[in-house]
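Keep in mind that the numbers below use all heavy atoms, side chains included, and drop hydrogens, waters and symmetry copies. What you are looking at is a predicted structure, and each value in this text was computed from that prediction instead of being measured. Reminder, nothing fancy here: chain letters follow the sequence lines and each chain counts from 1.
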Number of protein chains: 2
Amino acid sequence: MSAEVSAFEYRLYPLSSLKSNQKKPPTIKDVAEKAGVSVGTVSRVLAKEVAVKAALRERVNQAMAELDYRVNIAARALRTNQIDVIGLILPDITNPFFSQLAKSIELQAVKRDHSVMLASSQGDSVIERSHVRAFLDRSVRGIVVIAATDNDFSESQSDVPIVSLDRRLGRYPLIATDHERGAALIADHLYGLGHRHIAYIAGPQDTEVGRLRKAGFVNRIKHLSAKGERVKLRIHHGKFDYGSGEQIARKLLKTTAGTQITAIAAASDQLAIGALRVARDLGLQVPADISITGFDDIDLAALVVPRLTTIRQQTDLLAECAMDMVFGSINKSRIKTIEGELVVRDSTAEARQ
Amino acid sequence: MSAEVSAFEYRLYPLSSLKSNQKKPPTIKDVAEKAGVSVGTVSRVLAKEVAVKAALRERVNQAMAELDYRVNIAARALRTNQIDVIGLILPDITNPFFSQLAKSIELQAVKRDHSVMLASSQGDSVIERSHVRAFLDRSVRGIVVIAATDNDFSESQSDVPIVSLDRRLGRYPLIATDHERGAALIADHLYGLGHRHIAYIAGPQDTEVGRLRKAGFVNRIKHLSAKGERVKLRIHHGKFDYGSGEQIARKLLKTTAGTQITAIAAASDQLAIGALRVARDLGLQVPADISITGFDDIDLAALVVPRLTTIRQQTDLLAECAMDMVFGSINKSRIKTIEGELVVRDSTAEARQ
DNA sequence: CTGAAAGCGCTTACAG
DNA sequence: CTGAAAGCGCTTACAG
């Protein structure tokens, strides 16, 4: 009895149909049959080749519509060694600036009928390297990487275009904001407001970004110092995150030397926001007692209290240039620089006396 | 003369080698030859099948190492109708809570040797739908979606597991925080601090999350009202973003009724942070004059001034459960709920008299 | 346990 | 302009 039941059930749901109880999706062959043409012709219609007679094209399109045909991407990839995917590698999607960049990249990719694969390096260039290889294995159309750290990374010669964005990867082309000049704009701004005791919270010096922003700021301050009033500049180093900002600002503002400081220039908005929070904790008014500046202009910069004076990076433009370079000619230039823009908000004011 | 030169150049760089001047990557066939076995055996070693003699396995592994062999993913995908990719669809990667979730998902995927493809729906369920189809076309291993809005979405029956995370997609299984209970915890907290004039800033009511959090909060307040002191509750509706919080709080606090309010409970941290900023603009001290609460516990919640009292969502656990469900048995439960946790920080205090 | 062979669904020279 | 056919690099019954 029980055997009978189970046999009956088996008849109803044979194993093969359990695993996939929908019919197999139609292939190019089905379309060809239905339209009464060869598979080659279907493929040509698919590829939007012009050299197909309108009548045939029409029949093929109709057949595809009727069958709800969808091209098999794996088969195409196997033939062409290429898929419509852009690989994006970044240190941490949680970083608001990177997530803005990721959004822009995705937008650009969709605009070109591509998808994006996302991989986090967690700031580790070994992981980063393995992600690059993995993307290459997948025959992606191109790879965009926001590099973890400086390194001499270089994959064995490959057809796949690799470009770095914001933070340089090895000798690959780079699209980035002019960090040096942006930092100089901040220096000018603070100097113009009469600040002569300034602390600079630098980003990590094992990244080009960190070094460039610091150099841009410091050199500009030196320049101004040389031809005008002298500036006392203290420099501290951290990462780019909130925590570093908090930690460094706390240490800084508690020293006696720290009490003389009238402005803190931070190498990133996150650092600046961390500093903002410390200032508040210590009962300092921003900007009345102390001015604070950032870099990046993440969404949050306009929302913190007080709103942050910073350098705006044009993420949309950066992403667009990166993708242009991926899809563009072979003759890629080494580096493409985008201007940052000084955005003056409420966190800076004239230096207190 | 010029013809000669060009012929010479052509000889040096025939077109085919210009396009790809690296040698073709080795295939399973090359490995088989080198190891002196059949391609079938190589494939079996690749698949880590145990039923391969150690001696052969050894030879194959050696050959693969020497040739630096890498499996062709497209070919495998064509055969198996499956790739080691998880599709992740979310409304906006820029939303800090979603980006935290995305990070956790990617971590989980890597742990299972999968990659993630990212697609933004921009809160539009038509785009969302097309992304689902696109992922299905790619034969991804599974799809995780943070739904744009409520809708009765349902793809034609498919082998590919689809699960929704945080925000429900159609009738697909959902992994989410217990929003209702979380909101009730906030209600208890505020009531316990003596707040009797409360404003609730609700999230969009065309999302289940928005409705559940509101219901959880409102019902709990009603319950407390019924058996204790009465609470005056005002409800306003917005989106989940900073801007809505700012806008609603501003309107709210400027009314005469608004001045009686001693607490604002917001349906998200972003709304709460927007409200925080308005309170500050209007010269209100938080929490002395007014308490403000959020929901999510994004990184930022612990960094704003004052630090935000909120409900912590366990993003790692949410992501893990979602991936367990993707990779898990066929017998998926409709819904899996994770507890939220009340995190009391500095933005709430006893109600002013 | 292993090999020979079929076949996944496309694209693309090659003829005509 | 179109068709017939080869082949991309794998996996997997099927024998043995």
Side-chain angles (χ1 to χ4, degrees), chain A residues 14-16 19-20 23-61 63-64 67-84 136-139 141 159, chain B residues 14-16 19-20 23-61 63-64 67-84 136-139 141 159:
Chain A
L15 224 69
S16 62
K19 253 191 116 175
S20 64
K23 44 222 154 299
K24 280 175 51 168
T27 71
I28 207 175
K29 206 177 144 202
D30 301 320
V31 175
E33 267 168 28
K34 179 151 214 143
V37 300
S38 72
V39 294
T41 299
V42 177
S43 180
R44 285 177 193 111
V45 172
L46 235 32
K48 301 210 195 316
E49 275 181 29
V50 281
V52 179
K53 262 201 200 140
L56 287 197
R57 177 192 311 284
E58 191 41 50
R59 261 155 57 203
V60 170
N61 280 136
M64 293 203 292
L67 294 171
D68 192 22
Y69 170 78
R70 320 223 81 203
V71 66
N72 181 315
I73 289 173
R76 174 180 287 173
L78 176 57
R79 263 312 299 245
T80 61
N81 270 319
Q82 187 119 122
I83 55 175
D84 49 349
L136 254 19
D137 283 349
R138 290 178 188 284
S139 313
R141 179 66 179 73
D159 279 350
Chain B
L15 224 68
S16 60
K19 253 191 115 175
S20 63
K23 45 222 152 298
K24 279 175 53 169
T27 72
I28 207 176
K29 206 176 144 203
D30 301 319
V31 175
E33 267 170 27
K34 180 150 214 144
V37 300
S38 74
V39 295
T41 299
V42 176
S43 180
R44 286 179 192 109
V45 172
L46 234 33
K48 301 211 194 318
E49 275 181 28
V50 280
V52 179
K53 264 202 199 138
L56 287 199
R57 178 192 308 285
E58 190 42 49
R59 264 161 49 208
V60 170
N61 279 136
M64 292 203 292
L67 293 171
D68 192 23
Y69 171 77
R70 320 224 79 203
V71 66
N72 181 314
I73 288 173
R76 173 179 288 172
L78 177 56
R79 264 311 299 244
T80 61
N81 270 320
Q82 186 120 122
I83 54 175
D84 49 348
L136 255 20
D137 284 349
R138 289 177 188 284
S139 314
R141 178 66 179 72
D159 279 349

Scan [X] against the nucleic acid and name what it touches under 4.0 Å (heavy atoms): base, sugar-phosphate only, or nothing.
{"X": "B:Thr27", "answer": "sugar-phosphate"}
{"X": "B:Thr80", "answer": "sugar-phosphate"}
{"X": "B:Ile73", "answer": "nothing"}

(request) For DNA chain D, note the earliest and the latest nucleotide, 5' to 3', having some atom under 4.0 Å of a heavy atom belonging to chain A. (result) D:dC1 to D:dG9
(request) Quick one: stems involving DNA chain C, counted as three or more successive Watson-Crick or G-U pairs, both distances short of 3.5 Å. (result) C:1-3 with D:14-16, C:5-12 with D:5-12, C:14-16 with D:1-3
(request) Heavy atoms only: give me the nearest A:Arg59-A:Val37 pair and the separation to one decimal. (result) NH2-CG1, 3.8 Å
(request) Return the minimal non-hydrogen interatomic distance between A:Lys34 and A:Ala63, and the atom names on each side. (result)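 Heavy-atom minimum between the residues: CG-CB, 3.8 Å.
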(request) Take B:Arg138 and A:Asp84 through the side-chain contact (heavy atoms from CB on, under 4.5 Å) test and state the conclusion after the steps. (result) CA-CA 11 Å; B:Arg138 289 177 188 284; A:Asp84 49 349; 3.0 Å; yes
(message) Tell me whether B:Asp30 contacts the main-chain N or O of B:Thr27 through its side chain, where contact means a donor paired with an acceptor under 3.5 Å.
(response) yes
(message) Nearest 0.5 angstrom please: B:Ile73 CD1 to A:Ile83 CD1, how far?
(response) 8.0 Å
(message) Please report the interatomic distance NZ(A:Lys53) to CZ(A:Arg44), rounded to the nearest 0.5 Å.
(response) 13.5 Å
(request) Let me know which of B:Val31, B:Val45, B:Val42 forms a side chain to side chain contact (heavy atoms under 4.5 Å, CB included) with B:Asn61. (result)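 The residue from B:Val31, B:Val45, B:Val42 that satisfies side chain to side chain contact (heavy atoms under 4.5 Å, CB included) with B:Asn61 turns out to be B:Val45.
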(request) For residues 68-77 of chain A, pull every pair meeting side-chain hydrogen bond (donor to acceptor under 3.5 Å, both in side chains), keeping only residues two or more places apart or in separate chains. (result)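 Every side-chain hydrogen bond (donor to acceptor under 3.5 Å, both in side chains) pair that includes a residue of residues 68-77 of chain A, provided the two are not neighbours, is A:Asp68-B:Arg133, A:Arg70-B:Asp137.
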(message) Closest-nucleotide mapping onto DNA chain C: is B:Val52 or A:Leu78 further toward the 5' terminus? I mean the 5' end.
(response)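 On the 5' side of the pair lies B:Val52.
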(request) Tell me which of A:Ala74 and A:Thr41 sits closer to the 5' end of DNA chain C, going by the nucleotide each one is nearest to. (result)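 Its nearest nucleotide lies further toward 5', so the answer is A:Ala74.
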